Trainee: 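One structure is given below, represented as structure tokens, and several questions about it will come after.
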Amino acid sequence: MYRTNFRRGTLGDHVGSPVTAALVSNGLATVVLTATLALSSVRAGLWRVKAARLPWWLYLGGVLGALSVAGTALAAPVLGVALFTVVQVCGTSVGSLVTDRVGLGPMGQVRVTAVRLVSALLAVAAVGVAQVGRPIGHIAVGMLGFVVVLGVCRPVQVALNGRITAVASNVGSASLVNAIVGTTALLGVLVGFHLTGHLRFAGWPGGWWLYAGGLLALVVTGANMITVQSIGVLRTALCALAGQITGGLAIDSLVPNGARPTLWVFCGASLTMVAALAAGFGRRRHT
């Protein structure tokens, strides 16, 4: 069976709760982004967002981002980073097609063409390939299902954040809004855990690099906000996941005592990158 505890030395292990770890990550990102208020362009972007009077649900990108961070802290140590990323592709691929089709992103509606459908199906097939040879008890079906849901939330998050970025005309402004909403949501959940007696705390880790996740998330979120404006949700998500799977394989292969990726996981990762490349072929058509 895969380990159900966090890897020794991770932020989630020290803090004692994926939600707490996510709050630390998001909180640090929020503090860093708050410093950008010194820039007039960021302040102007925030005023544009306020003046637009956007519907409340457009701000849920921050909540979904917080869910993604907490869910990753919970699931990645159980499944292994590489397998976690491949499984997430399944939900992300399907969710991206639907998100583009309904026009939730800043590009509006994007048709489900044969090329886009094949790319999504290829990414889903990668999940099955990655599971070949694993006994049923090692698959952790419940955890896999949870990661698929996280994958579906990812393109919705990208689409919502992209629309706020389009209104703000400034990535820094949109990132700050996203971080504040996410941190507030996590803080509310943490208070709920505390009141019900489910909050654990094992002390703060000493390694400074363990806190870098929130800062790296700023780069990822900002890049997604920019690219979704021109290439759509599906291609943004698959290209990001292609990068994630490459990094995930490196982490699982190099980190001591980590979950070792099998040959099938490598094959699944390769299919994921092929899917990301294939999504770029063919002419993009809008309704």
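Values below: all heavy atoms of this structure, side chains included; hydrogens, waters and symmetry mates excluded. Every value quoted in this text rests on a predicted model; they were computed, and no experiment measured them.
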Trainee: Which atom pair, heavy atoms only, marks the closest approach of Ser68 to Leu150?
Mentor: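 Closest pair (atom of Ser68, atom of Leu150, distance): CA-CD2, 4.2 Å.
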Trainee: Does any part of the side chain of Val32, heavy atoms only, come nearer than 4.5 Å to the side chain of Leu28, both counted from C-beta?
Mentor: no
Trainee: Shortest non-hydrogen contact from Arg101 to Gln109?
Mentor: O-CG, 3.4 Å
Trainee: Between the side chains of Thr30 and Thr183, does any donor sit under 3.5 Å from an acceptor?
Mentor: yes
Trainee: Taking C-beta and beyond as the side chain, do Gln229 and Met107 meet within less than 4.5 Å on heavy atoms?
Mentor: no
Trainee: Short question: side chain of Arg43, backbone of Ala38 - any donor-acceptor pair under 3.5 Å?
Mentor: yes
Trainee: Would the distance check show the side chain of Thr227 and the main-chain N or O of Thr236 forming a donor-acceptor pair, the cut-off being under 3.5 Å?
Mentor: no
Trainee: With clusters defined by side-chain heavy atoms of hydrophobic residues (ILVMFWY) lying less than 4.5 Å apart, directly or transitively, does Leu263 cluster with Met273?
Mentor: no
Trainee: So which heavy atom on Ala120 is nearest to which on Leu97, and how close?
Mentor: CB-CD1, 3.3 Å
Trainee: Would Leu117 end up clustered with Leu234 when hydrophobic side chains under 4.5 Å apart are linked, directly or stepwise?
Mentor: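 Yes, same cluster.
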Trainee: Is Val102 reachable from Ile164 through a run of I, L, V, M, F, W or Y residues, each pair having side-chain heavy atoms under 4.5 Å apart?
Mentor: yes
Trainee: Would you call Arg116 and Asp100 a salt bridge, taking side-chain N to carboxylate O under 4.0 Å as the test?
Mentor: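 A salt bridge is present here (some side-chain N lies under 4.0 Å from a carboxylate O).
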Trainee: Would Leu121 and Leu277 show up in the same hydrophobic cluster when neighbours are defined by side-chain heavy atoms closer than 4.5 Å?
Mentor: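 Per the 4.5 Å side-chain linkage, Leu121 and Leu277 are not co-clustered.
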Trainee: What verdict does the side chain to side chain contact (heavy atoms under 4.5 Å, CB included) test give for Thr165 and Ile226, after you've listed the backbone C-alpha separation in whole Å, the side-chain angles of each residue and the deciding distance to 0.1 Å?
Mentor: CA-CA 8 Å; Thr165 304; Ile226 295 172; 5.9 Å; no
Trainee: Could you pull out the closest heavy-atom pair between Ser175 and Met225, with the gap in Å?
Mentor: OG-SD, 3.6 Å
Trainee: In sequence, state the C-alpha distance, the side-chain angles, and the governing distance for Cys153 and Leu67, and then conclude on side chain to side chain contact (heavy atoms under 4.5 Å, CB included).
Mentor: CA-CA 9 Å; Cys153 291; Leu67 173 63; 4.0 Å; yes
Trainee: If you group Ile, Leu, Val, Met, Phe, Trp and Tyr by side-chain heavy-atom gaps below 4.5 Å, do Leu271 and Val118 land in one group?
Mentor: no
Trainee: Name the one of Leu33, Val171, Asn178 that satisfies side-chain contact (heavy atoms from CB on, under 4.5 Å) with Leu218?
Mentor: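 Among Leu33, Val171, Asn178, the one that satisfies the side-chain contact (heavy atoms from CB on, under 4.5 Å) with Leu218 is Leu33.
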Trainee: When you measure from the side chain of Ser93 to the backbone of Cys90, do you find a donor-acceptor pair of N or O atoms at a distance under 3.5 Å?
Mentor: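 Not confirmed, Ser93 side chain does not pair with Cys90 backbone.
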Trainee: Using a side-chain heavy atom cutoff under 4.5 Å and only I, L, V, M, F, W and Y, what cluster partners does Val158 have?
Mentor: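 Grouped by the 4.5 Å side-chain rule, Val228, Val233 form the rest of the cluster around Val158.
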Trainee: Which heavy-atom pair separates Ser41 from Ser173 by the least distance, and what is that distance?
Mentor: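 In terms of heavy atoms, the two residues are closest at O-OG, 3.9 Å.
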Trainee: Is any side-chain heavy atom of Val152 closer than 4.5 Å to one of Thr92?
Mentor: no
Trainee: Any idea which heavy atoms bring Pro106 and Arg163 closest together, and the distance?
Mentor: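 So the minimum-distance heavy-atom pair works out to N-CG, 3.8 Å.
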Trainee: Could you walk me through whether Asn161 and Asn224 pass the side chain to side chain contact (heavy atoms under 4.5 Å, CB included) test, one step at a time?
Mentor: CA-CA 8 Å; Asn161 288 343; Asn224 287 339; over 6 Å; no
Trainee: Between Leu144 and Val147, is any pair of side-chain heavy atoms under 4.5 Å apart?
Mentor: no
Trainee: Taking C-beta and beyond as the side chain, do Leu160 and Tyr59 meet within less than 4.5 Å on heavy atoms?
Mentor: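 No, their side chains stay 4.5 Å or more apart.
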